[in-house]
Amino acid sequence: MRHNKKGRKLGTDWSHTKAMKRSLVKALFLNDRIKTVESRAKEIRPDVDKIITWAKKGDLHSRRLAIAALGNDKELVREIFEKVEQGLFADRQGGYTRIMKLGFRKGDNAPMVIMELCTEPVSKKTKTEEKPAAKKVAPKKVEAAEEAKAEEAKAEEAKAEEVAEEAAPAEEAAAEEAAPAEEAATEEKAE
């Protein structure tokens with residue numbers, strides 16, 4: 001059982017996996033972009049985010065944690081902390097890396113990616129138009145049935161309007177005929 005052993009094995013034993021992850025994180029910070037296998041890139045993403053978060057704190061304890069995570073490379077840690085102090089990731093609240101898929105490697109068909117640090121500033125989304133609440137997507141058969149019912153209802157309304165228009169002149173004529181009869185009845189009562 002693998003109790004308390006989270007993460008991917010990456011095809012090696014624990015010490016080799018740990019060293020490989022540390023090496024990939026160092027390479028990413030040195031070059032700002034690396035080409036690797038997708039599973040390795042996904043595995044080192046949390047480590048990179050932790051180190052950048054420590055650099056944003058900027059205190060001595062965070063610096064020592066970063067040195068321990070990068071294998072006693074004090075010069076690299078100093079460079080990372082200086083970049084962050086200059087405001088490299090100041091407006092970004094997480095998601096410091098980007099993974100772009102390249103395709104599959106020729107020899108063993110492994111999915112290859114380019115992993116890079118997101119250095120451009122974050123642009124906030126502007127609310128230009130408020131969108132109405134989207135309806136829940138119904139299955140196509142239900143939508144077709146609803147459309148058919150709506151068309152039938154429109155057709156019935158149109159027929160009812162036509163009948164009402166045709167009946168309107170007949171009602172007016174009946175009202176005109178009834179009006180003299182009512183006038184005659186009121187005259188007889190008056191006499």
Side-chain angles (χ1 to χ4, degrees), residues 1-128 131 133-143:
M1 288 181 268
R2 297 190 61 207
H3 294 296
N4 299 327
K5 293 182 174 35
K6 66 177 184 177
R8 295 172 176 87
K9 292 177 104 175
L10 301 176
T12 59
D13 60 342
W14 181 80
S15 60
H16 187 196
T17 301
K18 183 178 170 186
M20 183 177 13
K21 286 170 57 175
R22 180 177 289 165
S23 174
L24 285 170
V25 171
K26 280 184 184 181
L28 180 64
F29 280 122
L30 285 173
N31 303 316
D32 293 336
R33 175 183 286 197
I34 57 172
K35 180 179 175 182
T36 184
V37 180
E38 184 177 10
S39 59
R40 291 179 186 172
K42 287 182 178 180
E43 189 64 25
I44 68 167
R45 185 171 28 189
D47 298 337
V48 173
D49 288 350
K50 280 182 203 170
I51 292 170
I52 293 173
T53 304
W54 290 331
K56 285 174 98 172
K57 286 184 182 176
D59 57 349
L60 181 61
H61 180 63
S62 299
R63 188 176 293 264
R64 287 181 175 165
L65 287 172
I67 290 169
L70 290 176
N72 293 327
D73 194 350
K74 294 179 183 178
E75 186 63 28
L76 180 60
V77 171
R78 185 186 58 76
E79 289 178 13
I80 295 167
F81 274 64
E82 284 178 1
K83 285 181 184 178
V84 172
E85 284 176 12
Q86 294 171 359
L88 182 61
F89 299 107
D91 55 347
R92 191 174 290 272
Q93 298 177 353
Y96 306 112
T97 56
R98 176 183 299 123
I99 295 177
M100 296 180 295
K101 296 185 179 185
L102 290 177
F104 298 98
R105 189 161 51 192
K106 189 175 181 182
D108 59 354
N109 208 28
M112 298 299 290
V113 297
I114 289 180
M115 185 174 193
E116 64 183 7
L117 294 174
C118 298
T119 55
E120 63 272 355
V122 176
S123 60
K124 294 184 179 180
K125 295 181 181 178
T126 58
K127 293 183 180 180
T128 54
K131 295 181 181 178
K135 291 193 286 183
K136 292 183 178 178
V137 179
K140 292 182 179 180
K141 292 180 181 178
V142 175
E143 287 179 2

Name the atoms and distances for all side-chain donor-acceptor pairs under 3.5 Å in residues 27-37, with sequence neighbours left out.
residue, atom, partner, partner atom, Å
Asn31, ND2, Ala27, O, 3.2
Arg33, NE, Glu116, OE1, 3.0
Arg33, NH2, Glu116, OE1, 2.5

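- Contact of the Ile80 side chain with the Trp54 side chain is not registered, since no non-hydrogen atoms from C-beta on lie closer than 4.5 Å.
- Checked for salt-bridge contact, Lys83 and Glu79 miss the test: no charged N lies under 4.0 Å from a carboxylate O.
- With sequence neighbours excluded, the residues forming a side-chain contact (heavy atoms from CB on, under 4.5 Å) with Lys42 are Arg8, Glu38, Arg45, Ile99, listed by chain and number.
- Between the side chain of Lys101 and the backbone N or O of Pro111, no donor-acceptor pair lies under 3.5 Å.
- Proximity of Arg92 to Glu120: side-chain heavy atoms (C-beta onward) are separated by under 4.5 Å at one or more points.
- Checked against side-chain contact (heavy atoms from CB on, under 4.5 Å), Asp13 has the following partners two or more places apart in sequence or in another chain: Ser15, His16.
- Of the possible donor and acceptor atoms, one in the side chain of Arg22 sits under 3.5 Å from a partner among the backbone N and O of Ala69.
- Atom CZ of Arg40 sits about 12.5 Å away from atom NZ of Lys21, to the nearest 0.5 Å.
- Formation of a donor-acceptor pair under 3.5 Å by the Asp91 side chain with backbone atoms of Pro121 is not found in this model.
- For the pair Asn72/Ile67, a side-chain contact is recorded, criterion being any heavy-atom separation below 4.5 Å from C-beta on.
- In plain terms, the two heavy atoms of Gly95 and Asp49 that are nearest each other are N-OD2, 4.4 Å.
- To the nearest 0.5 Å, the span separating NZ on Lys26 from CG on Asp73 amounts to 5.0 Å.
- With a 6.0 Å radius and a threshold of 12 heavy atoms from other residues, nucleotides or ligands, Gln93 has its CD atom at or below the threshold.
- Rounded to the nearest 0.5 angstrom, Ile52 CD1 and Tyr96 OH are separated by 6.5 Å.
- Side-chain atoms of Glu43 and Leu24, non-hydrogen and from C-beta on, never get closer than 4.5 Å to each other.
- Interatomic distance, Phe81 CZ to Lys57 NZ, rounded to the nearest 0.5 Å: 10.0 Å.
- Listed for the Ser23 side chain is no donor-acceptor partner under 3.5 Å among the backbone atoms of Ala19.
- In Lys56, the NZ atom is crowded: over 12 heavy atoms of neighbouring residues, nucleotides or ligands sit closer than 6.0 Å.
- The distance from atom NZ of Lys18 to atom CH2 of Trp14, rounded to the nearest 0.5 Å, is 4.0 Å.
- Shortest non-hydrogen contact noted between Gly7 and Arg2 is O-NH2, 3.5 Å.
- In this structure the side chain of Thr97 never reaches within 4.5 angstrom of the side chain of Ile44, judged on heavy atoms.
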